[in-house]
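Shown next, in structure tokens, is the structure this report addresses.
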Number of protein chains: 2
Amino acid sequence: MELRHAVLGLLSIRPMSGYDLGRAFAGSVAHFWYADQSQIYRVLDRLAVDGAIETERVRQEKLPDRLVHSLTDAGRSELRDWLISPLEQDRPKEPFLARLFFAAALSDDEVARLLDEREQETRKVLEQLRAIPVPTGDRAAELQAATLRSGVAHAEAELDWLDDTRRRHAQLSDRR
Amino acid sequence: MELRHAVLGLLSIRPMSGYDLGRAFAGSVAHFWYADQSQIYRVLDRLAVDGAIETERVRQEKLPDRLVHSLTDAGRSELRDWLISPLEQDRPKEPFLARLFFAAALSDDEVARLLDEREQETRKVLEQLRAIPVPTGDRAAELQAATLRSGVAHAEAELDWLDDTRRRHAQLSDRR
DNA sequence: CGCACCTATAGGACGATACAAGTATATGCC
DNA sequence: GGCATATACTTGTATCGTCCTATAGGTGCG
């Protein structure tokens with residue numbers, strides 16, 4: 001049900017086509033939400049059936065028509081209800097941490113490689129976050145900017161932790 | 001497919017019943033993996049069919065029999081292959097950040113409440129992490145302890161970010 | 001006895017998801 | 001024309017995940 005809310009949220013900002021939504025999930029909200037293309041359209045179908053959105057076909061020159069979706073009052077109301085509802089229960093699934101937890105079967109080199117790979121990914125995420133234009137100007141923009149700062153803070157914490165973990169792991173290797 | 005790997009990982013530590021696995025997912029690995037009870041048994045069934053585990057019925061006094069599952073060579077090999085395979089692509093789904101991103105429709109109080117609730121959850125997570133006994137003694141234990149330290153580092157980063165975000169939000173409210 | 005809780009395992013129904021494949025139009029290049 | 005890329009939308013299918021339900025045995029309490 002959660003992609004539904006993310007889509008409602010994006011449509012609250014402005015009316016969008018499925019393709020626009022796909023681009024948003026690949027860009028401006030990629031730091032906190034991923035969505036698969038086929039899922040996006042499925043969610044839109046359901047939202048339309050439920051009366052949460054309405055759809056207008058917009059013709060374009062030299063490009064295929066777009067189906068532009070906008071929130072209905074019901075959709076806006078549903079979004080608001082979700083925003084003020086209790087936070088979801090945290091149900092972590094962290095493959096990297098799982099790998100590290102069970103990594104005793106690996107050699108020191110293999111563990112070091114795992115940590116290196118994680119660092120590379122983390123630095124890449126940090127770059128991507130820094131490439132997202134920071135919204136400015138009003139309260140909505142500030143709230144959006146806060147999500148980017150969260151991403152940066154967590155990536156930086158991860159890099160610090162990686163340094164620490166590498167140091168500890170190296171000491172353990174030396175002692176063995 | 002990822003719960004499968006987590007189960008293989010746990011069984012690499014020692015043979016366990018489905019119930020034991022359930023307790024591990026609620027306890028010693030809760031900080032990085034959640035698993036639903038019914039999924040656990042389903043995964044075990046599949047692992048057995050695939051030859052990755054073998055199962056022994058163990059009788060107990062005053063308690064029901066247990067079905068204790070242990071890794072086969074194939075299962076151990078599968079786990080190892082996963083551990084050294086490339087890291088999974090990060091596909092975030094962060095309901096809290098989504099809520100914050102789309103929170104312009106909320107009042108200042110409602111936003112503040114959202115941040116408060118997030119803080120409470122984060123403090124709870126921190127407590128839970130601190131309640132997990134820190135494994136010590138060997139390399140495997142150190143790797144496991146590293147995952148706990150990651151959890152703590154991220155929770156602390158989150159609390160810092162919350163302070164900062166609250167401050168910024170308060171300033172914005174004052175200016176409005 | 002019923003209830004609560006624990007140990008222990010299993011399945012149903014439904015929705016969500018990942019990954020793959022498909023359709024259509026347009027432009028540019030070989 | 002075929003291929004690549006972009007814009008735009010759609011569907012198939014197997015698996016996964018959630019939440020609910022069920023079974024069985026044991027202990028302790030009112």
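Note that the structure is predicted; figures quoted are calculated from it, not measured. First the proteins, then the strands, lettered A, B, ... as listed; each starts at 1.
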Using a 4.0 Å heavy-atom cut-off to protein, can you give one letter per nucleotide of nucleotides 20-27 of chain D, 5' to 3': B if the base is in contact, S if only the sugar-phosphate is, - if neither? ----B-SS
Could you tell me whether A:R168 and A:D164 have a side-chain N and a carboxylate O separated by less than 4.0 Å? yes
Could you tell me the separation between the CD1 atom of A:I40 and the C1' atom of D:dC9, rounded to a whole number of Å? 11 Å
Run the salt bridge (charged side-chain N to carboxylate O under 4.0 Å, His left out) test against B:R57 and tell me which residues pass, sequence neighbours left out. B:D65
For A:Y34, what residues pass the ring pair (Phe, Tyr, Trp, His ring centres under 6.0 Å) criterion, not counting sequence neighbours? none
Could you state the atom-to-atom distance from OH of A:Y41 to P of D:dC9 in whole Å? 4 Å
Among pairs that include at least one residue of residues 92-101 of chain B, which meet salt bridge (charged side-chain N to carboxylate O under 4.0 Å, His left out), considering only residues two or more places apart or in two chains? A:E88-B:R99
Under 4.0 Å: is that the gap between some side-chain N or O of B:Q39 and OP1 or OP2 of D:dC16? no
What pairs with B:H169 under ring pair (Phe, Tyr, Trp, His ring centres under 6.0 Å), at least two apart in sequence or on another chain? none
What residue pairs, at least two apart or across chains, pass salt bridge (charged side-chain N to carboxylate O under 4.0 Å, His left out) with a residue in residues 36-52 of chain A? A:R4-A:D50
Closer than 4.0 Å, any side-chain N/O of B:R46 to the OP1 or OP2 of D:dC16? yes
For DNA chain C, which residues in residues 88-100 of chain A have a heavy atom at a distance below 4.0 Å? none
Using Watson-Crick or G-U wobble pairs with both distances under 3.5 Å, give me DNA chain C in dot-bracket, 5' to 3', with [ ] for crossers and | for pairs to another strand. ||||||||||||||||||||||||||||||
Near DNA chain D, counting only heavy atoms under 4.0 Å, which residues of residues 13-27 of chain A show up? A:S17, A:G18, A:Y19, A:R23
Rounded to the Å, how far apart are B:D65 CG and C:dC6 C1'? 16 Å
Atom-to-atom span, CD of A:E2 to C1' of C:dG15 - whole angstrom: 13 Å
Would you mind listing the cluster partners of B:V68? Hydrophobic ones only (ILVMFWY), side-chain contacts under 4.5 Å, chaining allowed. B:V58
Taking donor-acceptor contacts at under 3.5 Å, does the side chain of B:R42 reach the base of D:dT18? yes
Which whole-number value in Å describes the distance from B:L3 CG to D:dG17 P? 6 Å
Which pairs, with at least one residue in residues 8-18 of chain A and sequence neighbours excluded, count as a side-chain hydrogen bond (donor to acceptor under 3.5 Å, both in side chains)? A:S17-A:D20
Just by modelled atom types, is the A:W161 backbone N or O under 3.5 Å from a matching donor or acceptor in the A:T165 side chain? yes
List the residues meeting salt bridge (charged side-chain N to carboxylate O under 4.0 Å, His left out) with A:D116, not counting sequence neighbours, and say none if there are none. A:R166
